[in-house]
Amino acid sequence: MTDSILNAVTVVLYESQDSINIGGVVRAMKNMGVRDLRLIRPCPYDPNRVEQVAHDTRDIVERIQHFETIDEALADCVYVVGFSGRRQAARWQRHTPRSAAVDLLEFAQQGRVAIMFGREDHGLPNEALDRSNAICTIPTTEHFSLNVAQACLLALYELHLLAGDATKRLPPPRNAAGSPSKDDVERTFADMHAALTAIRYFGTRNEELMMRTFRSLVFRANPDQRELLLIRTASIEVLRTIERESRLAVQRALAEAGQANGEDTEAAAVPTAQADGEPVA
């Protein structure tokens, strides 16, 4: 990703108090394609421990830069967004992570940009907010205290998507099939209509309107060939079941009728006794 515009994005952490959060931020950066991390007076941390939290991130960990002041950390940045949970009215331009990503990538075409996060307990101090071009607040419930790594991940995710850097491609479903042809679709609706008619579904319902509704439902679902075939074969099976049950019903009726006739014939064939009690030969 040497030519990625995200290479112009810097993550700045102000006085991080927990090395676990540093590791979480590094992990988020690796996932979202950002590689420049700057720490302002961080707590002591072990780079090996960071890599244990964020596996396979040595390239980012080795690039971490340390600064004593906010001005030094932001000296080469043309645009800075400070992330803050403060909700009171302020003089700064306010963003959500999504709207901030738009401005950040626009300015990234001119130079380095930064997203800055504060201490775990009190966030960014006023001096850091004063050096921010805009403030970003993440919409949450009234319980608005987000972990630094979580907040950073949300910000980087929006940048990642907007930059078009989503490099991980999910494989298609194992049994993925292509789109059905119009002929397949019309055959399916014909069989569906026949099945619904066979079970007398329409009854007093408006047949044309109901079929149009079924069409709308199927088109919104946008089934592939295999999924559409499931609908068609279900309709065909309804017709086959009705035919099979009808045939069996006829056979049972004939058998019952034959059995009844057989009983009458057997009764008529019972020999009558002679006057002396001997059966007729």
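Here the structure is a predicted model, which means the values were calculated and not measured. What you see below is based on every heavy atom in this structure, not just the backbone, and it leaves out hydrogens, waters and symmetry mates.
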Inset, instruction - Begin with the C-alpha distance, continue with both residues' side-chain angles, and end with the deciding distance and a verdict on salt bridge (charged side-chain N to carboxylate O under 4.0 Å, His left out) for Asp59 and Arg35. - result: CA-CA 8 Å; Asp59 56 328; Arg35 61 184 186 179; over 6 Å; no
Legend entry - Polar side-chain atom of Gln110 near backbone of Val78 as donor-acceptor pair, under 3.5 Å: no
Inset, instruction - Using side-chain contact (heavy atoms from CB on, under 4.5 Å) as the criterion, list what pairs up with Ala195, not counting sequence neighbours. - result: Ser235, Val238, Leu239
Inset, instruction - Test Arg131 against Val80 for side chain to side chain contact (heavy atoms under 4.5 Å, CB included), laying out the working first. - result: CA-CA 8 Å; Arg131 286 158 177 76; Val80 178; over 6 Å; no
Legend entry - Arg220 versus Ser216, side-chain donor and acceptor atoms under 3.5 Å: yes
Inset, instruction - Locate the shortest heavy-atom distance separating Pro97 from Glu158; write the atom from each residue and the value. - result: O-CB, 3.7 Å
Inset, instruction - Quick one: pull up CZ in Arg98 and CD1 in Ile138 and give me the separation to the nearest 0.5 Å. - result: 12.5 Å
Legend entry - Reported CD1-to-CG distance for the pair Ile231 and Asp191, which is rounded to 0.5 angstrom: 11.5 Å
Inset, instruction - Using the rule that two of Ile, Leu, Val, Met, Phe, Trp, Tyr join whenever any of their side-chain heavy atoms come within less than 4.5 Å, decide whether Phe214 and Ile199 are in one cluster. - result: yes
Legend entry - Closest heavy-atom pair and its distance - Asn222, Glu227: O-OE1, 4.4 Å
Inset, instruction - Answer yes if Val9 and Val61 sit in the same cluster of Ile, Leu, Val, Met, Phe, Trp and Tyr residues linked by side chain heavy atoms under 4.5 Å apart, and no otherwise. - result: yes
Inset, instruction - Compare every heavy atom of Ala73 with every heavy atom of Val12, then report the nearest pair and how far apart it is. - result: CG1-CB, 4.5 Å
Legend entry - Heavy atoms of other groups near Arg215 CZ, more than 12 under 6.0 Å: yes
Legend entry - Over 12 foreign heavy atoms within 6.0 Å of CZ, Arg112: yes
Inset, instruction - Working to the nearest 0.5 Å, report the span between CG of Leu196 and CE of Met211. - result: 6.5 Å
Legend entry - Residue pairs fulfilling salt bridge (charged side-chain N to carboxylate O under 4.0 Å, His left out) with at least one residue in residues 4-24, sequence neighbours excluded: Glu15-Arg41, Glu15-Arg119
Legend entry - Student check: side-chain heavy atoms of Ile64 and Tyr45 closer than 4.5 Å: yes
Inset, instruction - Could you pull out all residues at least two apart from Arg247 that satisfy side-chain contact (heavy atoms from CB on, under 4.5 Å)? - result: Glu243, Arg244, Gln251
Inset, instruction - Please round to the nearest 0.5 Å and tell me the distance separating atom CE of Met116 and atom OG of Ser84. - result: 10.5 Å
Legend entry - Spacing of CG belonging to Asp224 relative to CG belonging to Asp184, to within rounding of 0.5 Å: 11.0 Å
Inset, instruction - Using modelled atom types only, decide if a donor and an acceptor are shared between the side chain of Asn21 and the backbone of Ala149 within a distance under 3.5 Å. - result: no
Legend entry - is_close_aromatic(His193, Phe202), centroid dist under 6.0 Å: yes
Inset, instruction - Answer yes or no: are there more than 12 heavy-atom neighbours, outside Asp56 itself, under 6.0 Å from its atom CG? - result: no
Legend entry - Side-chain donor-acceptor contact under 3.5 Å, Asn7 with Ser4: no
Legend entry - Crowding at CZ, Arg232 (>12 non-hydrogen neighbours, <6.0 Å): yes
Legend entry - Pro223: which of Leu228, Thr188, Val185 passes side-chain contact (heavy atoms from CB on, under 4.5 Å): Leu228
Legend entry - Distance in Å, Ile22 CD1 paired with Cys43 SG, rounded so as to fall on 0.5 Å steps: 4.5 Å
Legend entry - Evaluation steps, side chain to side chain contact (heavy atoms under 4.5 Å, CB included), between Leu124 and Ile135: CA-CA 11 Å; Leu124 288 172; Ile135 302 301; over 6 Å; no
Inset, instruction - In sequence, state the C-alpha distance, the side-chain angles, and the governing distance for Arg212 and Glu208, and then conclude on salt bridge (charged side-chain N to carboxylate O under 4.0 Å, His left out). - result: CA-CA 6 Å; Arg212 184 172 296 120; Glu208 182 180 356; 2.9 Å; yes
